[in-house]
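Got a structure for you, written out below as structure tokens; questions coming shortly.
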Amino acid sequence: MKISVQRLYDSPNDYKDMIVTVEGWVRTIRSSKDFGFIELNDGTCFKNIQIVFENNVVNNYAEVEKLPVASSISVTGKIILTPDAKQPFEIKAEDIEICGVSASDYPLQKKRHSFEYLRTVAHLRPRTNTFFAVFKVRSVLAQAIHTFFQDRGFVYVHTPIITASDCEGAGEMFQVTTLDLDRIAGSKEKVDYSKDFFGKQTNLTVSGQLSVETYCMAFRNVYTFGPTFRAENSNTPRHASEFWMIEPEMAFADLDDDMSMAEQMIKYIINYVMERCPDEMEFFNKFIEPGLFDKLKVVTDSKFDHVTYTDAIKILKESKVLFENPVEWGCDLQTEHERYLTEKHFKKPVFVTDYPKAIKAFYMKVNDDNKTVRAMDLLVPQVGEIIGGSQREERHDVLVARMIEMGLAPEDYWWYLDTRKYGTVKHAGFGLGFERMIMYMTGMSNIRDVIPFPRVPKHAEF
RNA sequence: UCCUCCUUAGCUCAGCAGGUAGAGCAUGCGGCUGUUAACCGCAGGGUCGUCCGUUCGAGCCGGACAGGGGGAGCCA
């Protein structure tokens with residue numbers, strides 16, 4: 001009977017003394033003259049299973065004993081419960097079929113590797129404990145987000161990856177073209193985009209928000225969850241050129257509804273992953289970020305705090321802390337300021353709201369003071385900003401005025417403005433960086449280590 | 001893009017007052033009746049990131065470039 005290792009760990013007693021077959025990859029072999037041990041991972045489970053093989057039992061002992069790490073095998077044998085050993089059970093092999101003998105220059109040792117080195121073998125690193133756990137959590141976290149929103153009646157919208165709006169206002173964009181760049185480079189003429197594939201200049205999306213707002217006006221509660229591209233030359237452990245983003249949008253909702261939803265979502269997805277990835281999370285708590293569980297518990301168990309930008313500035317000024325960047329009303333909060341607020345002052349997640357309109361996007365709702373907008377950032381200890389959102393400006397005339405104020409051409413956004421023309425309604429939404437959430441959940445400190453094949457400036461290997 | 005640190009065997013690292021290299025792991029061979037980062041023995045493996053300079057002599061000093069880490073800005 002073929003069985004997964006996960007299944008065996010779920011209920012070892014059900015398989016006591018039964019003959020089963022497991023298939024997997026050798027993580028390590030220890031052998032002596034007439035018997036040996038194999039640690040096998042079959043991919044279904046973070047934990048390995050120990051295979052015991054003996055010279056007078058399996059007919060290919062010498063071959064098995066010499067198998068290099070990473071070789072693939074199929075093992076048939078009896079499940080033996082071993083309550084006194086380090087592992088709860090093992091398989092006493094009766095037959096070991098060798099599927100693929102690995103080459104002896106396999107780049108992964110049993111020993112610890114640096115993450116920098118493992119990035120150079122990104123195609124092999126999911127076979128290590130750390131990356132196996134990271135990418136399992138990534139998968140489960142994605143499902144957690146879908147489940148959270150679907151259970152609440154949100155509709156999942158696939159907004160376009162290729163977009164023609166060239167100024168969504170969120171940074172440098174990657175251009176998409178089928179024009180012959182080699183030829184264009186040599187000519188002095190201006191590029192004629194009417195000859196390009198779409199008949200106009202197009203780019204990869206930097207945000208699905210404007211598109212999803214139109215679906216919000218049909219389905220009421222919607223969300224996007226997809227890849228996003230930024231051509232910024234920013235080289236940090238928290239930025240990638242290609243990353244995933246979650247953007248919910250709710251009609252008939254104000255900023256308070258928005259923050260409430262964000263808080264519920266964060267708590268829900270943390271609990272969801274904790275429940276479904278206990279081994280992986282245990283591993284992170286032990287080896288990657290000691291204290292991880294305490295950190296997450298503060299988030300799931302506390303009521304998030306709220307403070308306005310104006311009050312936050314006051315708090316920072318009164319703190320008497322000598323910041324590298326002095327605080328003044330009107331300036332954007334720097335990382336050091338955000339971390340002071342959430343780590344030292346509030347000591348838990350905190351929403352900062354009502355930022356000066358000059359430092360925020362055009363689509364955010366202008367407050368009655370005409371100086372601030374209904375924006376919110378969720379700050380969490382150790383990371384700083386993890387969510388950014390706002391109530392949207394639903395008044396057509398105010399929105400148009402804001403666009404002009406910020407140097408945008410309203411006619412380029414005619415379809416977006418139509419949402420304010422045909423049955424406009426107050427609405428709000430936010431954006432969550434998927435990878436940043438994974439980093440927060442796992443304690444991994446570099447975004448390149450939570451994306452299977454990360455893309456950052458000067459790197460598109462694999 | 002700016003600041004700062006790093007670059008020695010496949011991997012992780014050591015090296016000294018400037019005198020032409022070492023360990024562990026990995027690999028190969030051998031040994032071992034319960035291991036679990038197994039252990040013991042033997043062996044192979046390096047133009048010390050690249051180029052230029054100082055010096056009788058440079059892995060070690062100086063410069064440039066490349067690659068990487070961390071911090072900052074931008075943001076998710």
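Numbers restart at 1 for each chain; the letters A, B, ... are given by sequence-line order, proteins then strands. Worth knowing before you read on, the calculation uses all heavy atoms, side chains too, and leaves out hydrogens, waters and symmetry mates.
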Using a 4.0 Å heavy-atom cut-off, does A:E242 contact any base of the nucleic acid, only the sugar-phosphate backbone, or nothing at all?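 Counting heavy atoms under 4.0 Å across all strands, no contact is made by A:E242.
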Please report, rounded to the nearest Å, how far the C1' atom of B:rA26 is from the CZ atom of A:R112.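 So the two atoms are 17 Å apart, to the nearest Å.
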Can you check the A:Q209 CD to B:rA76 P distance for me, whole Å?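 Answer to the nearest Å: 10 Å.
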Scan A:S234 against the nucleic acid and name what it touches under 4.0 Å (heavy atoms): base, sugar-phosphate only, or nothing.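 Contact class for A:S234: base.
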Given B:rU33, B:rU36, B:rG69, which nucleotide is nearest the side-chain atoms of A:K86?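 Side chain of A:K86 sits closest to B:rU36.
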A:K78 and A:E94 ion-paired at < 4.0 Å: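 No salt bridge links A:K78 with A:E94.
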For B:rG70, does either OP1 or OP2 sit under 4.0 Å from a side-chain N or O belonging to A:N446?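 Yes, because at least one side-chain N or O of A:N446 sits under 4.0 Å from OP1 or OP2 of B:rG70.
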Quickly work out the A:E54 CD to B:rC32 C1' distance and round it to whole Å.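 Answer to the nearest Å: 15 Å.
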Is there a Watson-Crick or G-U wobble partner for B:rC16 with both distances under 3.5 Å, and if so, which one is it?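 The answer is none; no pair meets the criterion.
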Is A:E385 salt-bridged to A:R436, cutoff N-O under 4.0 Å?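 No, this pair does not count.
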Without decimals, in angstroms, what is the distance between A:E65 CD and B:rU35 C1'?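 So the two atoms are 13 Å apart, to the nearest Å.
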What nucleotide, of B:rG70, B:rU1, B:rC75, holds the atom closest to the side chain of A:D332?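 Shortest atom-to-atom distance from the side chain points to B:rC75.
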Measuring from the side chain of A:E39 (C-beta onward, heavy atoms only), which nucleotide among B:rA76, B:rU35, B:rU36 has the closest atom?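 In terms of side-chain proximity for A:E39, the closest of B:rA76, B:rU35, B:rU36 is B:rU36.
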When we call it a touch if two heavy atoms are under 4.0 Å apart, what does A:L108 touch: a base, just sugar-phosphate, or nothing?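 Nothing: the residue A:L108, judged by heavy atoms under 4.0 Å, touches no strand.
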Using atom P in both nucleotides, what's the gap between B:rC48 and B:rU33 to the nearest angstrom?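 My reading of the P atoms in B:rC48 and B:rU33 gives 45 Å.
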Using OP1 and OP2 only, check whether a side-chain N or O of A:T228 sits under 4.0 Å from B:rA76.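 For B:rA76, OP1/OP2 do not have a side-chain N/O of A:T228 under 4.0 Å.
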When both hydrogen-bonding distances must be under 3.5 Å and the geometry is Watson-Crick or G-U wobble, what is B:rC25 paired with, if anything?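 Matched B:rC25 with B:rG10 under the 3.5 Å cut-off.
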Rounding to the closest angstrom, what is the interatomic distance between B:rG34 and B:rC40 at atom P?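 Taking atom P in both B:rG34 and B:rC40, they lie 15 Å apart.
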What is the distance from OH of A:Y117 to P of B:rC25, rounded to the nearest Å?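 My rounded result for the distance is 18 Å.
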Could you tell me whether the phosphate oxygens of B:rG34, OP1 or OP2, come under 4.0 Å of any side-chain nitrogen or oxygen in A:Q50?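 For A:Q50, the contact criterion (side-chain N or O under 4.0 Å from OP1 or OP2 of B:rG34) is not met.
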N-O pairing of A:D449 and A:R125 below 4.0 Å: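 So A:D449 pairs with A:R125 through a salt bridge.
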Can you check whether A:P227 reaches A:F243 side chain to side chain, under 4.5 Å on heavy atoms?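 Not touching, per the 4.5 Å side-chain cut-off.
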Side chain of A:T28 only, heavy atoms from C-beta on: which candidate in B:rU35, B:rA38, B:rA76 is closest?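 For the A:T28 side chain, the nearest candidate turns out to be B:rA38.
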Angle class for the A:W329/A:Y309 ring planes (parallel below 30°, perpendicular above 60°, tilted otherwise)?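 A:W329 vs A:Y309 ring planes: perpendicular.
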Within 45° of the ring axis of A:F323 and under 6.0 Å from its six-membered ring centre, is that where the NZ or CZ of A:K317 lies?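 So A:K317 doesn't make the cation-pi contact.
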Using atom P in both nucleotides, what's the gap between B:rG45 and B:rG22 to the nearest angstrom?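 Their P atoms lie roughly 14 Å apart.
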Under 3.5 Å on both distances, the Watson-Crick or G-U partner of B:rG46: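 For B:rG46, the partner nucleotide comes out as none, under the 3.5 Å rule.
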May I ask you to evaluate whether A:S32 reaches the phosphate of B:rG31, defined as a side-chain N or O under 4.0 Å from OP1 or OP2?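 False: A:S32 side-chain N/O out of range (4.0 Å or more) of B:rG31 OP1/OP2.
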Both conditions, 6.0 Å and 45 degrees, for the charged tip of A:K47 above the ring of A:Y9: are they met here?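 Yes, A:K47 sits over the ring of A:Y9.
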Base B:rG71 paired with A:E336 side chain (donor-acceptor, <3.5 Å):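 When only heavy-atom distances are counted, A:E336 does not reach the base of B:rG71 through any donor-acceptor pair under 3.5 Å.
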Record whether the side chain of A:E232 comes under 3.5 Å of the base of B:rU1 through a donor-acceptor pair of N or O atoms.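 Looking at the base of B:rU1, it does not pair with any donor or acceptor on the side chain of A:E232 (distance under 3.5 Å).
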If the P atom of B:rG28 is compared with that of B:rC13, how far apart are they to the nearest Å?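 That atom pair is separated by 24 Å.
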Is A:F243 stacked on the base of B:rA76 when the test is centres under 5.5 angstrom and planes under 30 degrees?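 Here A:F243 meets both the 5.5 Å and the 30° conditions.
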Work out how far the P atom of B:rU7 is from that of B:rU12, and round it to whole angstrom.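 After rounding to an integer number of Å, I get 12 Å for this pair.
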Which is true for A:D105 with a 4.0 Å heavy-atom rule: it touches a base, it touches only sugar-phosphate, or it touches nothing?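 Contact class for A:D105: none.
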Both A:V52 and A:V69 contact RNA chain B. Which one's nearest nucleotide lies toward the 5' end?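 Closer to the 5' end of RNA chain B: A:V69.
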Nearest-Å distance once atom C1' is located in both B:rG46 and B:rU8: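 It comes out at 8 Å once rounded to the nearest Å.
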Taking the P atom of each, how far is B:rA21 from B:rA9, in whole Å?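 14 Å, rounded to whole Å.
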hbond_proxy A:H239 side chain to B:rC75 base (donor-acceptor, 3.5 Å cutoff):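 Checked by distance alone, the answer is yes.
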Look at all strands and tell whether A:E116 reaches a base, only sugar-phosphate, or nothing, counting heavy atoms closer than 4.0 Å.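 The residue A:E116 makes sugar-phosphate contact but no base contact.
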Nearest listed nucleotide, side chain of A:R230, among B:rC11, B:rA76, B:rG73: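 Nearest listed nucleotide: B:rA76.
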Work out how far the P atom of B:rG62 is from that of B:rU54, and round it to whole angstrom.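 It comes out at 15 Å once rounded to the nearest Å.
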For B:rG73, give its Watson-Crick or G-U wobble partner with both distances under 3.5 Å, or none.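 By the stated definition (distances under 3.5 Å), nothing pairs with B:rG73.
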G-U wobble or Watson-Crick pairing nucleotide for B:rA38 (cut-off 3.5 Å, both distances):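 WC or wobble partner does not exist here.
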Nearest to the side chain of A:T335, heavy atoms from C-beta on, is which of B:rA72, B:rA26, B:rG34?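 Nearest to the side chain of A:T335 among the choices is B:rA72.
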From the list B:rC74, B:rC75, B:rG71, which nucleotide is the closest neighbour of the side chain of A:P237?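 Closest of the options to the side chain of A:P237: B:rG71.
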Over all atoms of both residues, closest heavy-atom pair of A:S390 and A:A375: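 Looking at all heavy atoms of both residues, the closest pair is CB-CA, 3.8 Å.
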From the list B:rC11, B:rU1, B:rA76, which nucleotide is the closest neighbour of the side chain of A:R436?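 From the listed options, B:rA76 comes nearest.
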B:rU36 base to A:Q87 side chain: any donor-acceptor pair below 3.5 Å?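 Yes, the side chain and the base share a sub-3.5 Å donor-acceptor pair.
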Is there a donor and acceptor pair closer than 3.5 Å between the side chain of A:K92 and the base of B:rG34?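 Present.
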Result of checking A:Y223, A:F219, A:Y215 against A:Y156 for ring pair (Phe, Tyr, Trp, His ring centres under 6.0 Å):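 Checked A:Y223, A:F219, A:Y215 against A:Y156; only one passes ring pair (Phe, Tyr, Trp, His ring centres under 6.0 Å): A:Y223.
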Is there a side-chain contact between A:M245 and A:S207 (heavy atoms, below 4.5 Å)?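 Of all side-chain heavy-atom pairs linking A:S207 with A:M245, at least one is under 4.5 Å.
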Who does B:rC51 pair with, Watson-Crick or G-U, both distances under 3.5 Å?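 Paired with B:rG63.
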Please confirm whether the shortest side-chain N or O distance from A:K47 to OP1 or OP2 of B:rU36 is below 4.0 Å.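 Negative; the distance criterion is not met.
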Rounded distance (Å) that lies between atom P of B:rG31 and atom CZ of A:R30: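 In whole Å, B:rG31 P lies 20 Å from A:R30 CZ.
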Interatomic distance, A:D34 CG vs B:rG31 C1' [rounded to whole Å]: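 Going from CG in A:D34 over to C1' in B:rG31 covers 12 Å.
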Phosphate OP1/OP2 of B:rG69: any A:R448 side-chain N/O under 4.0 Å: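 Checking A:R448 against B:rG69: at least one side-chain N or O falls below 4.0 Å of OP1 or OP2.
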Over how many whole Å does the gap from A:Y440 atom OH to B:rA76 atom C1' extend?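 Atom OH in A:Y440 sits about 16 Å away from atom C1' in B:rA76.
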